[in-house]
Amino acid sequence: MRELIENSLAVALEQVGQAPVANGADFSVEPPRDARHGEVSSNVALVRAKAAGMNPRDLAERVAAALAAHADVVDASVAGPGFINLRLRGEVWRARLRDILAAGTSYGDSDLGKGNKVNVEYVSANPTGPMHVGHGRGAVVGDALASLFAKVGYAVTREYYVNDAGVQVDVLARSLHHRYREAAGQEAGELPEDHYPGEYLVEAGAALLERDGARWLDRAEEDWLPPVRDFAVDAMMDLIRDDLAALGISHDVFSSERALAASGAVDDTLSDLESRGLLHVGILERPKGRTDEDWEPRPQTLFRSTAFGDDTDRAIRKSDGSWTYFATDMAYHRDKFRRGFPILIDVWGADHKGYVKRMQAAVAALSGGKADFDVLICNLVNLSEAGRPVKMSKRAGTFVTLREVVDRVGMDVVRFIMLTRGNEASLDFDLARAVEQSKDNPVFYVQYAHARACSALRNAAETFPGEDFSDPALAEAPLDRLDEEEELSLIRMLAGWPRTVEAAAEAAEPHRIAFALSDIAAAFHALWNRGNVDDDRRFVVAGDLALSRSRLALVRATALVIASGLEVMGVNPVEEMR
RNA sequence: GCGCCCGUAGCUCAGCCGGAUAGAGCAGCGGACUUCUAAUCCGCAGGUCGCAGGUUCGAAUCCUGCCGGGCGCGCCA
């Protein structure tokens with residue numbers, strides 16, 4: 001299509017004695033927003049007019065004339081300031097149905113990524129307890145993004161970074177040890193204020209007693225801390241993996257912060273930066289507008305992240321000499337790059353927004369500017385129940401875990417709803433509405449369209465016993481009976497699916513898939529309802545096998561595109577609603 | 001104070017690498033069912049795209065400055 005217009009432009013320019021000007025994808029070739037303007041629209045004349053030394057309308061007229069000569073073009077006209085609007089032969093569109101039936105749910109796959117390796121790191125929740133709903137959003141967005149990249153031809157690795165070092169896992173170990181002592185019948189006293197209070201640690205404490213008996217009961221902390229910590233981290237990661245499995249998510253790689261540090265990677269990273277003069281000792285100023293009373297100027301080892309676009313240099317050592325989280329995180333990203341991923345994507349929660357610039361600076365420094373590093377920030381999820389906000393407070397005990405939500409509304413609903421907003425917008429998740437079966441609920445709306453399509457095919461098999469309605473058979477069906485505007489309009493939407501997928505991948509916005517599916521579902525429901533008004537417009541018309549086959553090819557293609565999109569989202573297409 | 005994000009219909013939001021008369025759902029009003037071809041559909045009504053400038057043939061979209069909301073801001077992770 002684009003090629004056709006490029007060629008016609010060349011012809012038009014030749015007619016006026018001009019050499020072809022710019023060459024490239026600087027102009028658009030798309031269905032116009034308003035369908036009355038035609039089936040395909042291009043702004044090529046507006047974009048190229050200046051270079052051609054002509055006014056847009058004149059150039060457009062000449063290009064349109066060249067286009068009109070093409071066999072597939074029914075009509076080419078010029079509108080407005082110089083848009084070219086085209087109508088194509090119905091057969092050009094109908095042929096796409098055959099493509100879809102042949103490709104199945106792999107319709108929309110492409111080689112855009114050319115097999116390049118991409119690492120998508122997502123979830124990476126601290127191993128200190130079960131996942132909450134906010135983690136779930138990152139999990140779904142990351143997983144869908146990974147699937148989207150895979151669909152357009154990247155070699156994707158799904159990775160989880162396990163923060164199994166640092167003070168929070170020591171606190172976890174002490175919390176567990178407390179529960180372990182309780183399980184052993186010792187008088188452990190009140191759980192200290194800053195410890196993790198969760199019930200899950202009571203179970204883990206009992207499990208530790210079961211495995212190791214009394215051996216850590218009356219020892220010094222320095223003896224029991226490491227083994228208890230390892231046990232605790234393993235137990236928490238099992239918990240988290242279960243939560244993820246309930247969402248249908250599994251990672252290819254789990255990277256341990258502790259193992260990374262032990263390998264010497266942090267030392268290597270810092271000496272690398274040191275040798276390039278990117279470390280220095282300095283004193284950071286107190287951020288303005290802050291009134292920390294205990295703030296005092298202090299010399300620290302800093303990374304010159306300001307040399308790479310950050311607002312201030314960043315500390316890499318704590319005053320006790322150990323590394324900051326940022327230091328190990330730099331080493332981790334360097335490690336990912338050195339493992340052969342030229343493209344790195346992290347999916348983080350909103351609370352890490354202030355961390356993006358420094359990490360981008362770090363990756364730029366450590367990869368010599370060669371890594372393509374992007375961070376998706378997932379904003380907050382506001383849980384509500386029939387319009388009433390559900391307050392999330394660990395202390396008040398009204399904390400809702402991801403698992404509770406998944407168990408209540410189901411994995412497909414959670415996944416779909418998490419993708420009904422751009423990741424940077426905050427998201428309202430209403431537990432009651434999520435299971436409502438109406439068009440308020442986008443999950444059911446799309447699922448219902450797919451189920452209806454399957455229903456029509458089942459109906460066909462009953463109406464025409466012995467007839468073959470398989471995909472290859474439908475692809476052979478004569479499609480020329482699909483000549484109504486509503487049908488052709490749906491076909492055009494389906495034909496645009498590969499472009500929709502590519503655009504979503506290029507923008508790293510998996511939520512676009514959800515919106516596109518809602519649009520397709522709407523067009524399909526509208527088409528379906530015509531059959532309620534007029535029996536002759538049903539998909540299955542008992543007296544007309546040929547017509548039924550034509551329409552069922554469209555029905556099946558619609559189901560395949562919906563299934564293709566749901567696959568990216570990780571949602572199961574249903575064949576009946578029941 | 002600084003950084004990032006958000007501000008579009010009464011409500012919840014799409015659209016944002018500039019494009020034609022700014023879209024959808026909910027809520028409201030009016031219509032279409034012997035329920036797996038009504039969990040749906042059709043129609044009506046609803047807008048200073050936060051405000052003010054700028055760039056452009058053309059701005060919801062890009063730039064600048066304000067206003068309002070959110071998140072974050074030296075050793076936590």
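Every chain is numbered from 1, with letters handed out A, B, ... down the list of sequences.
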Counting only Watson-Crick pairs (N1-N3 plus N6-O4 or O6-N4) and G-U wobbles (N1-O2, O6-N3), all under 3.5 Å, who is the partner of [N]?
{"N": "B/U40", "answer": "B/A32"}
{"N": "B/A14", "answer": "none"}
{"N": "B/C71", "answer": "B/G3"}
{"N": "B/A27", "answer": "none"}
{"N": "B/G19", "answer": "B/C57"}
{"N": "B/C66", "answer": "B/G50"}

[atom1]-based separation of [M] from [N] [nearest Å]:
{"N": "B/U12", "M": "B/G1", "atom1": "C1'", "value": "34 Å"}
{"N": "B/C63", "M": "B/C6", "atom1": "P", "value": "12 Å"}
{"N": "B/G72", "M": "B/U55", "atom1": "P", "value": "39 Å"}
{"N": "B/G74", "M": "B/G68", "atom1": "C1'", "value": "30 Å"}
{"N": "B/G50", "M": "B/A22", "atom1": "P", "value": "15 Å"}
{"N": "B/G28", "M": "B/C73", "atom1": "C1'", "value": "46 Å"}
{"N": "B/C16", "M": "B/G23", "atom1": "P", "value": "14 Å"}
{"N": "B/A60", "M": "B/G15", "atom1": "C1'", "value": "8 Å"}

Looking at every strand, decide which applies to [X] at a 4.0 Å heavy-atom threshold: base, sugar-phosphate, or nothing.
{"X": "A/Phe515", "answer": "sugar-phosphate"}
{"X": "A/Ala425", "answer": "sugar-phosphate"}
{"X": "A/Asp329", "answer": "nothing"}
{"X": "A/Arg452", "answer": "sugar-phosphate"}
{"X": "A/Gly82", "answer": "nothing"}
{"X": "A/Val356", "answer": "nothing"}

What is the separation between atom [atom1] on [X] and atom [atom2] on [N], rounded to the nearest whole Å?
{"X": "A/Met236", "N": "B/A77", "atom1": "CE", "atom2": "P", "result": "19 Å"}
{"X": "A/Ile377", "N": "B/C6", "atom1": "CD1", "atom2": "P", "result": "12 Å"}
{"X": "A/Asp351", "N": "B/C4", "atom1": "CG", "atom2": "P", "result": "18 Å"}
{"X": "A/Glu424", "N": "B/C4", "atom1": "CD", "atom2": "P", "result": "12 Å"}
{"X": "A/Asn382", "N": "B/G69", "atom1": "CG", "atom2": "P", "result": "17 Å"}
{"X": "A/Asp519", "N": "B/C41", "atom1": "CG", "atom2": "C1'", "result": "16 Å"}
{"X": "A/Arg538", "N": "B/C33", "atom1": "CZ", "atom2": "C1'", "result": "10 Å"}
{"X": "A/Arg421", "N": "B/G70", "atom1": "CZ", "atom2": "C1'", "result": "16 Å"}

Verify salt bridge (Lys or Arg N to Asp or Glu O under 4.0 Å) between A/Asp535 and A/Arg538, making sure each step is shown before the conclusion.
CA-CA 6 Å; A/Asp535 282 352; A/Arg538 296 189 169 212; 3.4 Å; yes

Looking only at the side chains, is there a donor atom on one of A/Asp346 and A/Tyr161 sitting less than 3.5 Å from an acceptor on the other?
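There is no such pair between these side chains.
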
Under a 3.5 Å cutoff, is there a donor and acceptor pairing between the side chains of A/Ser322 and A/Asp320?
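Looking only at side-chain atoms, A/Asp320 and A/Ser322 do form a donor-acceptor pair, the distance falling under 3.5 Å.
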
Side chain of [X] only, heavy atoms from C-beta on: which candidate in [options] is closest?
{"X": "A/Arg298", "options": "B/C75, B/U37, B/A77", "value": "B/C75"}
{"X": "A/Lys353", "options": "B/G70, B/A77, B/A20", "value": "B/G70"}
{"X": "A/Asn43", "options": "B/G19, B/A20, B/A77", "value": "B/G19"}
{"X": "A/Tyr445", "options": "B/A77, B/C13, B/C41", "value": "B/C41"}
{"X": "A/Phe444", "options": "B/A39, B/U37, B/C71", "value": "B/A39"}
{"X": "A/Gln168", "options": "B/A77, B/C41, B/A14", "value": "B/A77"}
{"X": "A/Ala315", "options": "B/C75, B/A77, B/C41", "value": "B/C75"}
{"X": "A/Lys357", "options": "B/G3, B/C71, B/A14", "value": "B/G3"}
{"X": "A/Phe83", "options": "B/A77, B/C13, B/G19", "value": "B/G19"}

Between [X] and [Y], does any side-chain N to carboxylate O distance fall below 4.0 Å?
{"X": "A/Glu121", "Y": "A/Lys336", "answer": "yes"}
{"X": "A/Glu487", "Y": "A/Arg492", "answer": "no"}
{"X": "A/Asp310", "Y": "A/Arg314", "answer": "yes"}

Any side-chain N or O of [X] less than 4.0 Å from the OP1 or OP2 oxygen of [N]?
{"X": "A/His511", "N": "B/G15", "value": "yes"}
{"X": "A/Tyr448", "N": "B/U35", "value": "no"}
{"X": "A/Ser455", "N": "B/U37", "value": "yes"}

Centroid separation A/Phe539 to A/Phe524 less than 6.0 Å:
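Centroid separation for A/Phe539 and A/Phe524: below 6.0 Å.
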
is_close_aromatic(A/Tyr445, A/His525), centroid dist under 6.0 Å:
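They qualify: ring centres under 6.0 Å apart.
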
